[in-house]
Amino acid sequence: MTKLVTIQLLLASWSCLAVLAQAKSIDSPIDFTTDNDNAIAKDVDTDPFDSCQIYCTGDLLHTIQTAVPKIFDDSKTFVDMKLNFPPAKTLTDFEALMDAKNRTPSRDDLIEFVNKYFSPKGTELELWTPTDWKENPSFLDLIPDPDLKQWGMELNNIWKDLGRKMKDDVLKNPEYYSIIPVPNPVIIPGGRFIEFYYWDSYWIIRGLLYSDMHDTARGMIENFMSIVKRIGFIPNGGRVYYHGRSQPPLLTGMVKSYVDFTNDDLFAINALEVLEHEYEYFVNNHAVQVKGHNLTVYRDSSTGPRPESYREDVETGEKFATEDAREDHYSELKSAAESGMDFSSRWFINENGTNEGNLTHLKTRSIVPVDLNAFLYWNAKLIAEFHAKAGNVEKVTEYENKAQKLLLGIQEVLWNEEAGCWLDYDMINQKPRNYFVATNLSPLWVKAFNISDTEKISKSVLNYIAVNKLDSFAGGVPNTLSNTGEQWDFPNVWAPMQYIVVEGLNNLNTPEAKNLSKSWAMRWVKSNFKAYSDDFHMYEKYNAEKFGGHGSGGEYGVQTGFGWSNGVIIEWLAKHGRELDNGGGRGGAAASRVMSLVGVAAVTIVALIAGRVLW
Ligand SMILES: *[C@@H]1O[C@H](CO)[C@@H](O)[C@H](O)[C@H]1NC(C)=O
Ligand SMILES: *[C@@H]1O[C@H](CO)[C@@H](O)[C@H](O)[C@H]1NC(C)=O
Ligand SMILES: *[C@@H]1O[C@H](CO)[C@@H](O)[C@H](O)[C@H]1NC(C)=O
Ligand SMILES: *[C@@H]1O[C@H](CO)[C@@H](O)[C@H](O)[C@H]1NC(C)=O
Ligand SMILES: *[C@@H]1O[C@H](CO)[C@@H](O)[C@H](O)[C@H]1NC(C)=O
């Protein structure tokens, strides 16, 4: 555990670079004793956080990001820009500017400074055509319908648009960049997200595997392993300013996917040291005790606003009277970002214990989330499974025990007999949160339930689905049923959540659950196809109320691309293609069925946009 303690210290003292350097020299995050890709890791083994003094905290960041009127439409733009001079010179010269301008530089002074000291966003990356990209991947053979097959080909083409490679200079001079150096090229989500994201990559990698691109998939997994070796865990995305938070831990699941496709057991066995390390990191840094069980919450370990949404966080922070209360608010925001669901009423706890409110009600750290605990259970089971391949009986027992303890906690704290489903748990009011969130069904996906109870759980969960009328939405199962204007609330539908729910029902393996699973998978594919047919875009999120409608709301504009949406569709075209036709083209009967909803949805979207400042 001493290594993990070191990492915690290291994270806690991030702004103090002297301490950081010392900690690193005493004890690197992980021993590389058995690793064959040690050489790759060493290539990029410079301190990946030198540039944090520019991009994570400090006067320069604060002054630029809070300039009035704002300098950048999207706060993320500034922290993605490359430095033209070393961080130390940049800071010294900025201090000189501040002194010369009586600490109140004008907006023009700041723009001039940015233009001299920074280069535009994206200059560290080049477009990259994956070397293993194939014109006719085998999944296309599983789609008889010519329109859907054509769509599959176009989705396969999009991998080439989303491929990015770091320029050599990033590896040579990482302190000039906010991007975290990794050895292999990546597939990015798209839109404003031009670097890798942790949990997005799970669905991207599955899409790549279905597209016969095993090398690209493996390269991305190796990147993550290299990051765990260097810094102990995987940040939210590939930027230094994400240093205090991770995302739902799915690296072990990525390795499992890769091994399922390639039968390369040795890959899993060689990954074990890193996977165990990531697991222990997560459990140790996110632990809570509830009703005598050790469970986990999403929790960030840095200070200050989110650098990439600095202005927005400072604005909501203004509601709080004290510095401590503001700091707590920033932590709640970043912890919600760690969950991947930034933002959602899922993380609101009002004074009266309900989920009503706004971002000032975020209490992410006090809510025990169903998904995180289910995912960690899955990680422990998979680590045990990989150890079994290696014949390491003791380790199998160790990780089976960890999994069983988590399962007991999930059953006793998160399963809710009355609701007939799992529910997040509110530690402040010591009660379950009886609100629908797609992740309430996530234990089905990773089989984090007692298999002997399958029949009972299937009945309960199908009843829960009926009570919440989840089958009534033409555009897929919404993430929640609360319409707050936040992007992870109604009516938005997200590919990963659709995937978790659909694959979860399929895993239940009862005829009724499998039936619903297939019906929802097909509805999702057809609705995405309709949206694509309208404007040839794949979206970050979609609209539950509108067949073929895309999502909106939250902090930034509509994003297209889009990695995880493409991954899920490719997988379901492969799995269900034989039974799918496009219903007479461009939506067909199903589309006319929901035409009456379209008007309502359009009004909702206009209202949402009118009510929020996008970009
Ligand atoms: C929970 O964790 C604590 C501290 O690591 C440990 O002492 C305790 O035995 C654990 N409880 C359970 C139920 O596993
Ligand atoms: C909780 O408080 C909100 C306002 O803060 C109010 O709109 C809502 O009706 C209250 N709910 C309950 C159940 O008291
Ligand atoms: C959020 O809720 C608080 C408390 O109810 C309220 O004071 C504040 O005005 C709300 N903020 C916004 C942006 O609606
Ligand atoms: C699973 O269910 C069976 C049958 O109800 C029960 O005997 C067993 O103890 C359960 N296991 C766990 C871990 O709850
Ligand atoms: C499967 O779903 C269809 C409608 O989608 C329904 O007609 C049929 O009865 C269902 N079968 C089962 C076993 O639930």
Side-chain angles (χ1 to χ4, degrees), residues 1-5 7-8 276-277 279-297 299 316 319-320 329 332 343-363 366-368 370 372-374 376-381 384 396-417 419-436 443-444 446-461 480-486 489-490 507-510:
M1 277 321 95
T2 56
K3 270 182 229 150
L4 287 165
V5 171
I7 291 159
Q8 261 176 306
E276 281 189 44
H277 186 82
Y279 177 87
E280 301 299 338
Y281 163 82
F282 228 105
V283 170
N284 284 300
N285 289 280
H286 298 79
V288 287
Q289 291 208 337
V290 191
K291 299 183 182 172
H293 294 278
N294 290 331
L295 291 167
T296 48
V297 294
R299 187 188 285 154
T316 52
K319 300 270 177 220
F320 297 90
H329 173 61
E332 301 295 359
F343 294 103
S344 170
S345 60
R346 181 184 183 194
W347 307 122
F348 297 169
I349 304 182
N350 199 325
E351 291 78 3
N352 60 17
T354 66
N355 71 342
E356 280 154 271
N358 59 47
L359 292 182
T360 65
H361 298 99
L362 283 172
K363 289 283 183 288
S366 304
I367 297 172
V368 185
V370 173
L372 178 56
N373 290 286
L376 287 170
Y377 166 82
W378 190 41
N379 282 350
K381 290 291 283 186
V396 173
T397 310
E398 182 188 335
Y399 276 87
E400 282 291 346
N401 284 340
K402 289 177 197 253
Q404 283 319 305
K405 281 190 173 174
L406 264 171
L407 183 58
L408 273 180
I410 291 169
Q411 285 177 178
E412 310 258 312
V413 180
L414 302 174
W415 173 259
N416 191 278
E417 194 66 35
C421 194
W422 297 268
L423 299 174
D424 295 338
Y425 185 82
D426 170 349
M427 293 194 295
I428 295 175
N429 299 291
Q430 302 189 10
K431 64 175 192 192
R433 286 171 61 82
N434 196 356
Y435 308 110
F436 173 72
L444 300 177
V446 295
K447 300 200 172 118
F449 59 89
N450 188 342
I451 301 298
S452 333
D453 294 340
T454 299
E455 283 294 332
K456 179 198 142 192
I457 288 176
S458 180
K459 273 207 189 77
S460 300
V461 160
T480 73
L481 300 176
S482 307
N483 191 339
T484 62
E486 296 301 338
D489 273 322
F490 191 85
N507 282 347
L508 259 177
N509 220 11
T510 59

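Order of listing sets the numbers, starting from 1, for every ligand and every atom in it. Reckoned from all heavy atoms, side chains included, excluding hydrogens, waters and symmetry mates. All residue numbers in this chain count up from 1 along the given sequence.
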Engineer: Out of all atoms in ligand 1, which are within 4.0 Å of some heavy atom of Q289? Include the element for each.
Structural biologist: 1 (C), 2 (O), 3 (C)
Engineer: Between the side chains of D489 and S482, is a donor N or O closer than 3.5 angstrom to an acceptor N or O?
Structural biologist: no
Engineer: To the nearest 0.5 Å, how far apart are CD in Q411 and CG in L406?
Structural biologist: 11.5 Å
Engineer: So which bit of K405 gets within less than 4.0 Å of ligand 1, heavy atoms only: side chain, backbone, both or neither?
Structural biologist: side chain
Engineer: Begin with the C-alpha distance, continue with both residues' side-chain angles, and end with the deciding distance and a verdict on side-chain contact (heavy atoms from CB on, under 4.5 Å) for E412 and K291.
Structural biologist: CA-CA 8 Å; E412 310 258 312; K291 299 183 182 172; 6.0 Å; no
Engineer: Could you tell me whether K459 atom NZ has more than 12 heavy atoms of other residues or ligands within 6.0 Å of it?
Structural biologist: no
Engineer: Test side-chain contact (heavy atoms from CB on, under 4.5 Å) on D424 and V368 and set out the steps.
Structural biologist: CA-CA 6 Å; D424 295 338; V368 185; over 6 Å; no
Engineer: Looking at K402 and E280, does any basic side-chain N land under 4.0 Å from a carboxylate oxygen?
Structural biologist: yes
Engineer: Take E486 and W347 through the side-chain contact (heavy atoms from CB on, under 4.5 Å) test and state the conclusion after the steps.
Structural biologist: CA-CA 11 Å; E486 296 301 338; W347 307 122; over 6 Å; no
Engineer: Pick out the protein N or O atoms lying less than 3.5 Å from any N or O of ligand 4, and list each pair with its distance.
Structural biologist:
from: ligand 4; atom 1: 2 (O); to: N450; atom 2: OD1; distance (Å): 3.4
from: ligand 4; atom 1: 2 (O); to: N450; atom 2: ND2; distance (Å): 2.2
from: ligand 4; atom 1: 11 (N); to: N450; atom 2: ND2; distance (Å): 2.8
from: ligand 4; atom 1: 14 (O); to: Q411; atom 2: NE2; distance (Å): 3.3
from: ligand 4; atom 1: 14 (O); to: N450; atom 2: ND2; distance (Å): 3.4

Engineer: Atom NZ of residue position K319 - does it have more than 12 heavy atoms of other residues, nucleotides or ligands inside 6.0 Å?
Structural biologist: no
Engineer: Atom CG of L407 and atom CH2 of W378: how far apart are they, to the nearest 0.5 Å?
Structural biologist: 15.5 Å
Engineer: Does any N/O atom on E356 come nearer than 3.5 Å to any N/O atom on ligand 2?
Structural biologist: yes
Engineer: Any nitrogen or oxygen of N352 lying under 3.5 Å from a nitrogen or oxygen in ligand 2? Just yes or no.
Structural biologist: yes
Engineer: If you count the atoms of ligand 1 from 1 in the order shown, which ones are under 4.0 Å from a heavy atom of G292?
Structural biologist: 13 (C)
Engineer: Polar-atom distance check: H293 versus ligand 1, any N or O pair below 3.5 Å?
Structural biologist: no
